[in-house]
Each structure stands twice: as structure tokens, then as C-alpha cells.
Amino acid sequence: MAKKLPSDVHPDAVFACNELDLSEVQVYGFDYDYTLACYKPILEDLLYNLAREMLVKRFRYPEDILQLEYEPNFAVRGLHYDVEKGLLVKLDSFLQLQLGSVYRGRTKVEADEVLKLYHNRLLPIAYVEGPNNSYRHNTNSKMVQLADLFSVPEMCLLCNVIEYFERNRIDYNPEIVFHDTRTAMGSCHPIMHGKVMRNTEKYIERNPKLVKFFEKLQQAGKNLFLVTNSPYSFVNCGMSFLVGANWRDFFDVVIVQARKPKFFTDESRPIRLFDERTQSHLWDRVFKLEKGKIYYEGSVRQLQELKGWRGHSVLYFGDHPYSDLADVTLKHSWRTGAIISELAHEIKTLNRKDFKMSANWLQMLTQLIEDTQDDDSEAAQICLKEWMEERDQLRNKTKNVFNEQFGSVFRTYHNPTYFSRRLFRFADIYTSDITNLLKFSTTHTFYPRRGVMPHEYASHFI
Ligand SMILES: [Mg+2]
């Protein structure tokens, strides 16, 4: 029995969840953080350190917490935190817990304890998503998903603090620790902005292809806009670094401090003109959106009405499956692109020869076990036992190669993760970097691949 190793996946590829014909797209919209501006890993250290200090100084957490260092490879994006049980867990697209990826603090919770706590690997929808099964988490649900990139340092801080409490036998409430950590993380963003602005090169990755990408879209007669939650001074600094001082010339509309997802859901908030001189907004009513001016807050309804941009002619890129992509897809029928930087690492891992060989052998071994299990002979049963052990080891090996604790961002052993499910639902296309689009013409059509269902690949090894 032999099986050919799969061919490499290109790390710069663009993947389609739905068919997307770019010739129908007239307007390109962009989020800023982690969509246009990609940060170096050191930004996570900075956020972690600032939030840790905030916990001690403002929330009076024990001073020893200042000694707990950031571990960049601890968490991955898209995990859930159980606010009731104080556990960080990985869920698949069917809301099943992945055993072996459940952590209390920095300590793995073994499978039998997990099953005792939850009674079942499969969680009820209401437990994860709240009584309304909302894609945006209801406050009554027990689980909070940590889906943005700034949440990777947040999860590490949360787990370090819990680990400290556990080890020192200090009573704590998992929900309060979560809210304190989240508040600390959120409130240190203005300090982080100041530091990034003072030393941009240190924190933002240069991307020389970005100017070429904007030029290409402009030459094809496309309209461009930017909607970001970040403040103008921060965006201006980063965009000047990435694109040049005249970066605004590329954009028909620039909206800062938009407060997404409210920008997409709350139609009552007026759009304001931002005054660079005072670094604040003016109260005058806005009747038209002009190129070269900066706008503030507002809503997607006004953006569409004032510019006459509608539904399928708009393609919006963001890195957050909910706050960037969910509402524009569901409510405004915009087309969407997700920029998922982790893809670069995941694809590189998938392309490693040792990974491919392990994954291949794992499949073959599983088939051998399946075919041999009904043979009662002693020899067969001895082999079976060894194969089962080897299979367990291989499964862990192919998982841990992505991330030792939580494996791949996109899959559990058999299924897509909860994060993938949301990504596939709300994004028409996804890729690791916005400038990967540069190699496609502005009339290119992306076609999704036909997915394989369990009954369709039963005969793989025959
Ligand atoms: Mg973003």
C-alpha cells in the first residue's frame, strides 16, 4: 500500500469559498490593522507587557504577575474561553471539544476531567453561542471566542494569571479575571499607538507591494475606501510609512474610529468630518464624502447612500471574521475577503516533507486498523495494539507541529475548527496577505474547490 505525497500549496495563494468575479467589483474597501498594516511579533510582547502592568497598577493584581513572561507560541486565534469554568478550549465546526486542547491556565486538562466537567464532547449550541444562537456572542453564553489577532497575547496573559492563582491557591472568579484582562488589554491600546508612532519601523512590517496593488486598482478605475477603528494619527503614521505621505490620494473615502461592528449595524450614528488641526471631529452635518478629507464614525448606510455604492459591487477586506466581514455579508451583501496572516505558517507546515509523510502514514495506518480490527487472531490483535499506539502518537505529532497546545488554527483531527466555519461562512475569498491579490487581473474569477464528504473518499486506499 503506497500513497503519493500531496503537492505543495503555494503560501501566497488566494482561496475561494464562493465564486467571485472581480470584474463585477467596482469598489475595494479595507480595514487597517492586520489587513493593510501587518505588525511584527514584537507588538504582541508590547501589548502583553502593557496589559500586565495595567492589571497590577490599576486592578491591584499581585505584583508577582509582573514576572510572568509572554509566551508567543502558547495560544492561537479563534479559541474559546469558558467564563464559567475558566478553561481555554478549542472547538470544531460542530461544537465538539478537541480533547488534548483544553487548558486551565497553562496546564493541560486531561480528557477524563474534561468529560467529567462537560459530560459530553459535543456542546449545546446555547452553551457556546447563547440563547439566540447569535454569530456575535450573546452575553448569556458561557463561551467567548477570541477571534482577533490582538487576542493572542490576551489569551496568554489570561492563562498566565490563572496559572499563578491556581499554583498559589488563590481563589478567583474566572469571569472576573477574563473581564479584567480584557479591559487591561483594551485600555492599553492608546499607549501602544503612541509607541508604534514613535518607532514605526520597529513594529510594522514593510510591504513594498502595497503601493503597486493600490496603483493597479486605481489604474483599473476602481474606487478605494478605508474604514478603521483606529484613530487618524495612528493610521496616518502607519500608512505614510507603508505607502508614502500621499497615501490618501489612493482613497476616495477614509473613515477613522468607525467603531466596527457598530459601523455596520447601527444606522443612527451620524458621519462627522475629522479636523486634523484639533485631532477631533466637527459637528457640521456631512452631505457628501470628498476625497482627501477624513471622516469619523458614521454608518455603512451613509457611506453607501452618499457614494451610491451597493451590494455586490463592493469587495471589503478585513482580518476579523465577525466585526469586519459578518454584517457586510449578511446585511449589505458586500463581497468579502479575509486576510488571515496565520495561513503563511500553516501552509509552510503543510508543505514540510516530514509533515506530509506523517499525515500520509496516519491515513494509511488508520485504514490498516479499520481493515484488521475484525480479525480475531492473536497476531492481528497484537499488531492492532501497536498500530493504535502509533496512531495516537502520530495524531499528536501532526497536530503539535502547528502549535504544541492547540494545533492548527483551521482544523481539529477530522474537522474544520469553529474559526474556520465562521471564516468560510463570511468570507468569499481568503489569503495570508492583501498583496497576494496583485498577481491576479482585475477581471479574474475565483472558483471554490469542490469539498469532499466522508462517503466520497471511502475508497481512497483501494
Ligand atoms: Mg483589523
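Every value quoted in this text rests on a predicted model; they were computed, and no experiment measured them.
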Which distance, rounded to the nearest 0.5 Å, do you find between the CD of E44 and the CG of L46?
11.0 Å

Any chance you could lay out the ring-ring contact (aromatic ring centres under 6.0 Å, His included) test for F74 and F406, step after step, and finish with the verdict?
CA-CA 8 Å; F74 173 67; F406 298 99; 5.6 Å; yes

Verify the distance criterion only: is there a donor paired with an acceptor across the side chains of E163 and T107 at less than 3.5 Å?
yes

Classify the side-chain pair Y316/D31 by whether it contains a donor and acceptor separated by less than 3.5 Å.
no

Inspect the surroundings of NZ in K439 and state if more than 12 heavy atoms from other residues, nucleotides or ligands are less than 6.0 Å away.
yes

Side-chain heavy atoms of V89 within contact of M143, under 4.5 Å:
yes

Check whether any side-chain heavy atom of D433 sits under 4.5 Å from a side-chain heavy atom of K209, and report yes or no.
no

Show your reasoning for whether side chain to side chain contact (heavy atoms under 4.5 Å, CB included) applies to Y39 and L149.
CA-CA 10 Å; Y39 296 97; L149 275 162; over 6 Å; no

Would you mind reporting whether F178 and V161 have side-chain heavy atoms less than 4.5 Å apart?
no

Got Y32 and M239 here, is their nearest side-chain heavy-atom distance under 4.5 Å?
yes

Would the distance check show the side chain of K397 and the main-chain N or O of S358 forming a donor-acceptor pair, the cut-off being under 3.5 Å?
no

Does any N or O in the side chain of D319 come within less than 3.5 Å of the main-chain N or O of I339, such that one atom is a donor and the other an acceptor?
no

Are there over 12 heavy-atom neighbours, none belonging to K195, within less than 6.0 Å of that residue's NZ?
no

Going by atom types alone, do S299 and Q302 pair a side-chain donor with an acceptor below 3.5 Å?
yes

Students often mix this up, so state it plainly: with edges at 30° and 60°, are the rings of F402 and F355 parallel, tilted or perpendicular?
perpendicular

Any chance you could measure L36, atom CG, to T228, atom OG1, to the nearest 0.5 Å?
9.0 Å

Inter-residue atom distance F440.CZ - L22.CG, 0.5 Å rounding
9.0 Å

Flag, side chain of Q145 to backbone of G78, donor-acceptor distance under 3.5 Å:
yes

F214/W247 aromatic ring centres below 6.0 Å:
no

Distance-minimising heavy-atom pair for T336 and A427:
OG1-CA, 3.3 Å

Side-chain touch R77/L146, heavy atoms, less than 4.5 angstrom
no

Minimum heavy-atom separation for E205 and P41, please, with both atom names.
OE2-CD, 4.5 Å

Are the side chain of E110 and the backbone N or O of D112 linked by a donor-acceptor pair below 3.5 Å?
no

Ionic contact status for E129 with R422, cut-off 4.0 Å:
yes

Going from CG on N199 to CD1 on I42, what distance comes out if it is rounded to the nearest 0.5 angstrom?
9.0 Å

Do K399 and E404 meet the salt-bridge criterion of a basic N to acidic O distance under 4.0 Å?
no

Using a strict threshold of under 4.0 Å (side-chain N to carboxylate O), is an ion pair present between E267 and R301?
yes

Under the side chain to side chain donor-acceptor pair (under 3.5 Å) test, residues paired with D148 that sit two or more places apart:
none

Any ion pair linking E297 and R272 (charged N to carboxylate O, less than 4.0 Å)?
no

Between H320 and Y34, is the ring centre distance below 6.0 Å?
no

Ion pair D82/K142, N-O distance below 4.0 Å
no

Between W361 and E390, is any side-chain donor less than 3.5 angstrom from a side-chain acceptor?
yes

Y296 and F274 aromatic ring geometry - parallel, tilted or perpendicular at 30°/60° bounds
parallel

Of the non-hydrogen atoms in A51 and A184, which two are nearest, and what is the gap between them?
O-CB, 3.7 Å

Using a distance-only test with no angle check, is there a side-chain donor-acceptor pair under 3.5 angstrom linking N436 and S432?
yes

Does one side chain, of E166 or Y172, offer a donor that lies under 3.5 Å from an acceptor on the other?
yes

What distance separates F426 CZ from T329 OG1, expressed to the nearest 0.5 Å?
7.0 Å

Minimum heavy-atom separation for P174 to G86, with atom names?
CB-CA, 3.4 Å

Would R121 and L99 satisfy side chain to side chain contact (heavy atoms under 4.5 Å, CB included), going step by step from the backbone distance to the final call?
CA-CA 8 Å; R121 276 176 67 173; L99 299 177; 3.7 Å; yes

With heavy-atom distances below 4.5 Å as the criterion, would you say the side chains of S93 and P416 are in contact?
yes

With no hydrogens and no angle check, just 3.5 Å: does a side-chain donor-acceptor pair link D327 and T265?
no

Any donor-acceptor pair under 3.5 Å linking the side-chain atoms of S408 with those of E346?
yes

With a 3.5 Å cut-off and no angle check, do the side chains of N160 and R106 form a donor-acceptor pair?
yes

Stepwise side chain to side chain contact (heavy atoms under 4.5 Å, CB included) check, R421 with L95
CA-CA 10 Å; R421 170 179 133 189; L95 313 190; 3.8 Å; yes

Nearest 0.5 Å, what's the OG-CE distance between S233 and M197?
4.0 Å

Walk me through whether Y413 and N396 qualify under side-chain hydrogen bond (donor to acceptor under 3.5 Å, both in side chains).
CA-CA 9 Å; Y413 293 131; N396 282 334; 3.0 Å; yes

Pair F419-V76, side chain to side chain contact (heavy atoms under 4.5 Å, CB included): steps then yes or no
CA-CA 11 Å; F419 178 80; V76 296; over 6 Å; no

Looking only at non-hydrogen atoms, find the nearest pair between P6 and K356 and report the distance.
O-NZ, 2.8 Å

Answer yes or no: is there an ion pair linking D252 with K307, defined by an N-O contact shorter than 4.0 Å?
no

So for atom NZ, which belongs to K262, do other residues, nucleotides or ligands contribute more than 12 heavy atoms lying within a distance under 6.0 Å?
no

Of M155, H80, R104, which meets side chain to side chain contact (heavy atoms under 4.5 Å, CB included) against L88?
M155

Verdict with reasoning, Y418 to F94, per ring-ring contact (aromatic ring centres under 6.0 Å, His included):
CA-CA 7 Å; Y418 190 94; F94 306 108; over 10 Å; no

Considering non-hydrogen atoms only, spot the tightest contact between F234 and M192 and give its length.
CZ-SD, 4.3 Å

Non-hydrogen side-chain atoms of V227 and F30 separated by less than 4.5 Å
no

Stacked cation flag K291 on F225, 6.0 angstrom / 45 deg:
no

Please tell me if the side chains of V196 and L43 come closer than 4.5 Å, counting only heavy atoms from C-beta onward.
yes

Do R269 and F263 meet the cation-pi criteria used here (NZ or CZ under 6.0 Å from the six-membered ring centre, within 45° of the axis)?
no

